[in-house]
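We count ligands from 1, going down the list as the structure has it; atoms in each ligand are counted the same way.
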Amino acid sequence: MRKLLVTGATGFLGWNLSRTAQGQWDVYGIARRNRRQIEGVNLRRTDLTCLSEIKKNLQEIRPDAVIHAAAESKPNFCQLNPEQSRRINVEETVNLASLCADIGIPFVFISSDLVFDGLKPPYKEDDPVCPVSIYGEQKAEAERAVLNRHPRALVCRTALMFGDAAPGAASFIQPMIEEMKNGRDIFLFTDEHRTPVSAADAARGILLGLYKTKGILHIGGLERISRFDFGKLLRDVLGIHSARLSPCTQKSIKMPAPRPSDVSLEITRAMNLGFQPGSLREELEKLFCTHLIS
Ligand SMILES: NC(=O)c1ccc[n+]([C@@H]2O[C@H](COP(=O)([O-])OP(=O)(O)OC[C@H]3O[C@@H](n4cnc5c(N)ncnc54)[C@H](OP(=O)(O)O)[C@@H]3O)[C@@H](O)[C@H]2O)c1
């Protein structure tokens with residue numbers, strides 16, 4: 001079987017990707033601090049901000065393709081730590097893309113819907129980027145540099161994702177479920193919209209993109225929904241009728257990173273390749289039916 005190297009393999013998306021790719025690929029993973037093992041994945045501890053370590057891993061593993069999901073993925077952290085986050089989000093991302101270009105293997109960079117300012121949704125792949133946060137700026141800068149350095153690279157801009165929690169790396173729904181169960185007030189924006197996608201669907205879409213295309217590909221869900229309405233849907237699927245959901249607006253909660261209001265992604269290009277995300281209700285029901293979240 002061909003070898004796939006997934007960076008950030010212990011992170012939320014990387015873990016979902018590593019599980020989905022098994023069977024089609026011999027999966028190798030890179031993680032930094034997380035010491036957990038992933039069944040079926042040959043996992044190595046490496047800090048990707050060390051170039052010689054990246055080279056050593058590529059020489060030893062000799063992958064047939066790389067999916068780069070490692071990142072400082074929290075916008076608030078990036079806003080407060082721009083230099084530290086830039087190292088992995090931009091500099092080492094471009095180094096890794098360059099090394100893959102030099103050895104002639106496909107490279108997929110996981111970017112984000114947050115490269116847009118949220119004023120003219122839904123966004124297509126060729127719409128101009130216009131980030132409002134440092135995280136978004138770093139993703140946009142890395143996208144340009146990756147495509148410049150590796151002309152056959154694929155940039156997957158993913159929407160907000162939800163799904164099974166990787167050991168030590170959850171999605172945004174796990175803390176929300178805890179709050180629902182504990183009966184605490186949950187404040188959710190009515191004026192922030194996304195096109196969320198399950199990590200299982202996103203992983204399938206990213207692997208499809210790896211096989212079939214290059215350039216920029218949007219991977220998101222079918223429905224545009226506010227954070228508040230997503231919370232209501234989650235509450236209904238879980239049947240936690242006592243959950244205390246309080247509507248609020250972006251303005252009412254101060255956070256370090258500015259937040260765009262609506263970065264809904266247009267996913268026609270991915271769907272033309274065969275990407276078929278489920279509806280939000282279907283995907284949430286699947287998660288709970290399989291008892292992976294309780
Ligand atoms: N989650 C979402 O809803 C979402 C939406 C849009 C785009 N994205 C993008 O999707 C990608 C994956 O996100 P995620 O939610 O899975 O993030 P995550 O759970 O925070 O995982 C990040 C991963 O990156 C690794 N990492 C960070 N710095 C590293 C370094 N210097 N060297 C080696 N590994 C390093 C972490 O390893 P350790 O844990 O071992 O430190 C972890 O495995 C990111 O590019 C993110 O920006 C995510």
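Atoms of ligand 1 lying under 4.0 Å from at least one heavy atom of Gly11, given by number and element, are 16 (O), 19 (O), 21 (O), 42 (C), 43 (O). Ligand 1 places these atoms under 4.0 Å from at least one heavy atom of Leu48: 30 (C), 31 (N), 32 (N), 33 (C). Listed by number with element, the atoms of ligand 1 under 4.0 Å from a non-hydrogen atom of Asp47 are 30 (C), 31 (N), 32 (N). Under a 4.0 Å criterion applied to the non-hydrogen atoms of Thr46, ligand 1 contributes the atoms 32 (N), 33 (C). Short contacts between ligand 1 and Gly8, defined as distances under 4.0 Å to a heavy atom of the residue, involve ligand atoms 23 (C), 24 (O), 25 (C), 43 (O). Of all atoms in ligand 1, listed by their number and element, those nearer than 4.0 Å to a heavy atom of Ala169 are 19 (O). Of all atoms in ligand 1, numbered sequentially from 1 with element shown, those under 4.0 Å from a heavy atom of Ser73 are 17 (O), 18 (P), 20 (O), 46 (C), 47 (O). Those atoms of ligand 1 with a heavy atom of Ile110 less than 4.0 angstrom away are 9 (C), 10 (O), 11 (C), 45 (O).
Leu13 N, 4.0 Å is the protein heavy atom nearest to atom 14 (P) of ligand 1. Among protein heavy atoms, the minimum distance from atom 45 (O) of ligand 1 is reached at Lys139 NZ, 2.7 Å. Protein heavy atom closest to atom 38 (P) of ligand 1, with residue, atom name and distance, is Arg33 N, 3.6 Å. Remark: minimum distance from atom 46 (C) of ligand 1 to any protein heavy atom is reached at Tyr135 OH, 3.5 Å. Among protein heavy atoms, the minimum distance from atom 36 (C) of ligand 1 is reached at Arg32 NH2, 4.4 Å. The shortest contact between atom 7 (C) of ligand 1 and any protein heavy atom is with Thr158 OG1, 3.1 Å.
Of the charged side-chain nitrogens involved, at least one lies within less than 4.0 Å of a carboxylate oxygen, so that Arg157 and Glu143 count as a salt-bridged pair. Looking at Glu179 and Lys181, no side-chain N of the basic residue comes within less than 4.0 Å of a carboxylate O on the acidic one, giving no salt bridge. The residues Lys124 and Asp127 are annotated as not salt-bridged, no charged nitrogen and carboxylate oxygen being separated by less than 4.0 angstrom. Under a 4.0 Å N-O distance rule, the pair Arg86/Glu83 does not qualify as a salt bridge. Taking a cutoff of 4.0 Å between a charged side-chain nitrogen and a carboxylate oxygen, Arg44 and Glu60 qualify as a salt bridge.
On a distance-only criterion, Phe12 and ligand 1 share at least one N/O pair closer than 3.5 Å. For the pair Ser112 and ligand 1, the shortest N or O to N or O distance does not fall below 3.5 Å. The distance criterion of under 3.5 Å between nitrogen or oxygen atoms is met by Met161 with respect to ligand 1.
Contacts with ligand 1 closer than 4.0 Å are made by no heavy atom of Arg87, backbone or side chain. Heavy atoms of Ala71 found under 4.0 angstrom from ligand 1 belong to the backbone as well as the side chain. When heavy-atom distances to ligand 1 are checked against a 4.0 Å cut-off, Ser111 comes that close only through its backbone atoms N, CA, C and O. Residue-level proximity to ligand 1 for Phe172 is absent, since no heavy atom of it falls below 4.0 angstrom.
Of the options Cys78, Ala69, Gly14, the smallest heavy-atom separation from atom 12 (C) of ligand 1 is shown by Ala69.
Using a 3.5 Å distance cut-off with no hydrogens or angles, the side chains of Ser98 and Arg149 do pair a donor with an acceptor. Checking His193 against Ser261 by side-chain atom types alone, no donor-acceptor pair falls below 3.5 Å.
Although no hydrogens or angles enter the test, the distance criterion places no donor-acceptor pair under 3.5 Å between the side chain of Lys139 and the main chain of Val90. At least one donor-acceptor pair closer than 3.5 Å links the side chain of Arg269 to the backbone N or O of Ile216.
At least one heavy atom of Ala159 sits closer than 4.0 Å to an atom of ligand 1. Under a 4.0 Å heavy-atom criterion, Arg157 is not in contact with ligand 1.
Taking the centre and axis of the six-membered ring of Phe172, the NZ or CZ atom of Arg227 falls inside the cone set by 45° and 6.0 Å.
Residues Ile240 and Ser242 meet the side-chain proximity criterion, which asks for heavy atoms closer than 4.5 Å.
Checked against the 6.0 Å centroid threshold, Tyr135 and Phe77 do not count as a close aromatic pair.
Using the six-membered ring where Trp is involved, Tyr123 and Phe116 have ring planes that are parallel, under 30° apart on the 30 and 60° scheme.
The side-chain hydrogen bond (donor to acceptor under 3.5 Å, both in side chains) test with Ser198 singles out one residue from Glu282, Lys286, Glu283, and that residue is Glu283.
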